[in-house]
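These notes concern the structure reproduced below.
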Amino acid sequence: MNYEPIIGLEVHAELLTRSKMFCGCEVVDSITAKPNRYICPVCTGQPGALPVLNRKAIELAVRVGLALGCEIHAESIFARKNYFYPDLPKGYQISQYDQPLATDGKLLIETEAGIKEIRIRRVHLEEDTGKLSHADAHSFIDYNRSGVPLLEIVTEPGLRSPDEAKAYASALRAILRYLDVNSGDMEKGVIRFEANVSVRKTGSDQLNPRTEIKNLNSFRALAQGIEYEIARQTEIYSRGGIVEQETLGFNEAAGKTYSQRGKEDAHDYRYFPEPDLPPLVLDADWIHSIRTQLPELPDAKTKRFISDFNLTPSDARFLTSDLSLAHYFERVAASSKSPAKTVHSWIAGEFMRNLNDSGASIGDVTLAPESFAQLIDMVTDKIIGGNAAKIVLTELLQNGGDPAQIVKEKGLAQVSDESFIQEAVTKVLNDNPSEVEKYLAGKETLLQWFVGQVARATKGKADPNVTRDALVKGLEERRK
Ligand code: ADP
Ligand code: MG
Ligand code: ZN
């Protein structure tokens, strides 16, 4: 019997406002700010304190709703979601329930089988909770985060694999960054994922009970948690058991989900309309003006990169997967006379490798795009070879400087001077008699190895084409 997974995602994203959702307290970095300094009677739930809506949060939420192709509702309602937890001082969270801000959107993701449309059920506004942490025998609570505007984006159960879930999560994160509504810093917890997972017999159209995995804070954890849950549920069904609806945590170190509590249903929260806030009524003109100010989004940018720069769809998508990366590429391409395809190769290859090696992100790069372009053009102009350029790029990324100056200082300029190359070729052939013999006996693939030896002997300065010709000539001369 075969089973297939059914997955729906809930994504919580803090909105990049200066102040909180219902009070004037400043929104601060939850890792570096001193705890419990940015709080007031409203966001700590003191009796009688009254919430006031943050207009900017609504604007950012509308921006997201529009970018996801949702219907934005002229009227939506805030509701109280009642539950008790130490990070929730009011004893309820102000959220939206049966009349959310936006519904019926979609997002395109790339899958092995091609582009797939994921339906989005709803986008609604709520407030974040405080932050609990535990050390030794103590628990600590920081209310700085309490009341920070939070957007919840919920899909239909349309995802079918951990990879699809990951593709959706990263495409959504990219859009939020493009829209400048969320920084996407997963380590800081400003964007968090919850996965709802069920499995069913392949071909069935019924939905089985789902489990919900809370607080997945990286793409990796998201995929691993779902993967584990699919295997666990499949195993239960295949031995005739039933899966209980449940809320789960995920232990990243063990790679396993664990039960937190029985899954609560909506009625457990005793939702009711928030009496301290009127219905949220949005003006059609205001929504329209937000729509006209939407930036170019990843899909549109990808299309433009394909047509303007003559890139393949997958090359273009790589560059547009991150707004900063796309910007950087455009700036390098604009100052370079080399083909955009070449610029892409440098960025997707050596540049990314350097970033990965040093653990830096594109935001940390201080290398001016103009200098990078200058370096790429030096290769195009055959002033330096590709290997030398790699050395210069690493130097530029680590210590800055001027590409031409570094080439000069390190003596990396390419030499096409025949006598210089001839000297190196002769030495390499003399030093490696057995390889010469093998080559002459028919193993012609060794030519590339000889080119490599000459490159090494000349510290990458020898023009590879001139080298190749000299090698072939030298080898032929040794045929007796
Ligand atoms: P709740 O607040 O109870 O978690 P939501 O409506 O916020 O409910 O989220 C439900 C999520 O679970 C949605 O993403 C939905 O697509 C998904 N979902 C619903 N039923 C199933 C199911 N049987 N299997 C997998 N996912 C499901
Ligand atoms: Mg849920
Ligand atoms: Zn406050």
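First listed ligand is number 1; within each ligand, the first listed atom is number 1. The model shown is predicted, which means the values in this text are computed figures rather than measured ones.
Close contacts between ligand 1 and E156 involve ligand atoms 16 (O) [criterion: under 4.0 Å to a heavy atom]. For ligand 1, the atoms sitting less than 4.0 Å from at least one non-hydrogen atom of L207 are 23 (N), numbered in the order shown with element in parentheses. Residue L9 has at least one heavy-atom neighbour below 4.0 Å for each of these atoms of ligand 1: 14 (O). Residue E152 approaches ligand 1 through these ligand atoms, each under 4.0 Å from one of its heavy atoms: 7 (O). With ligand atoms numbered from 1 in the order given, ligand 1 contributes 24 (N), 25 (C) to contacts under 4.0 Å with heavy atoms of I6. Taking a cut-off of under 4.0 Å to the non-hydrogen atoms of E10, the atoms of ligand 1 that pass are 4 (O), 7 (O), 9 (O), 10 (C), 11 (C).
Ionic pairing of E229 and R232 is present here: one or more N-O contacts between side-chain nitrogen and carboxylate oxygen are shorter than 4.0 angstrom. Ion pairing of E235 with R239 is present here, as a side-chain N (NZ or NE/NH1/NH2) and a carboxylate O approach within less than 4.0 Å. Salt bridge status for D299 with K303: absent, with no side-chain N to carboxylate O gap under 4.0 Å. Salt bridge status for D377 with K337: absent, with no side-chain N to carboxylate O gap under 4.0 Å.
Taking 4.5 Å as the limit, some side-chain heavy atom of R192 sits within range of a side-chain heavy atom of E14.
Proximity of V154 to ligand 1, defined as any heavy-atom pair under 4.0 Å, is confined to the side chain (atoms from C-beta onward).
Looking at P157 next to ligand 1, an N or O pair under 3.5 Å apart turns up.
A heavy-atom separation below 4.0 Å is not found between E194 and ligand 1. Ligand 1 lies nowhere less than 4.0 angstrom from a heavy atom belonging to R122.
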Cut-off 3.5 Å, no hydrogens considered: what does the side-chain donor-acceptor table look like for residues 396-403, sequence neighbours left out?
| unit_1 | atom_1 | unit_2 | atom_2 | d |
| --- | --- | --- | --- | --- |
| N399 | ND2 | E395 | OE2 | 3.3 |
| D402 | OD2 | Q405 | N | 3.1 |

Show me the donor-acceptor pairs within less than 3.5 Å that the side chains of residues 364-375 make with the rest of the protein, sequence neighbours left out.
| unit_1 | atom_1 | unit_2 | atom_2 | d |
| --- | --- | --- | --- | --- |
| D364 | OD2 | S361 | N | 2.8 |
| D364 | OD2 | S361 | OG | 3.4 |

Take D180 and R63 through the test salt bridge (Lys or Arg N to Asp or Glu O under 4.0 Å) and record every step on the way to the result. CA-CA 10 Å; D180 203 15; R63 215 185 267 176; 5.3 Å; no
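Less than 6.0 angstrom separates the ring centroid of F309 from the ring centroid of F329.
Using cut-offs of 30° and 60° for the angle between ring planes, the F78 and F22 rings count as perpendicular.
Of all the listed residues (E212, R210, K81), R210 holds the heavy atom that lies closest to atom 10 (C) of ligand 1.
Residue pairs meeting the ring pair (Phe, Tyr, Trp, His ring centres under 6.0 Å) criterion with at least one partner in residues 119-167, sequence neighbours excluded, do not occur; the list is empty.
Excluding waters, the protein N/O/S atoms found under 2.8 Å from the Zn ion (ligand 3) are C23 SG, C25 SG, C40 SG, C43 SG.
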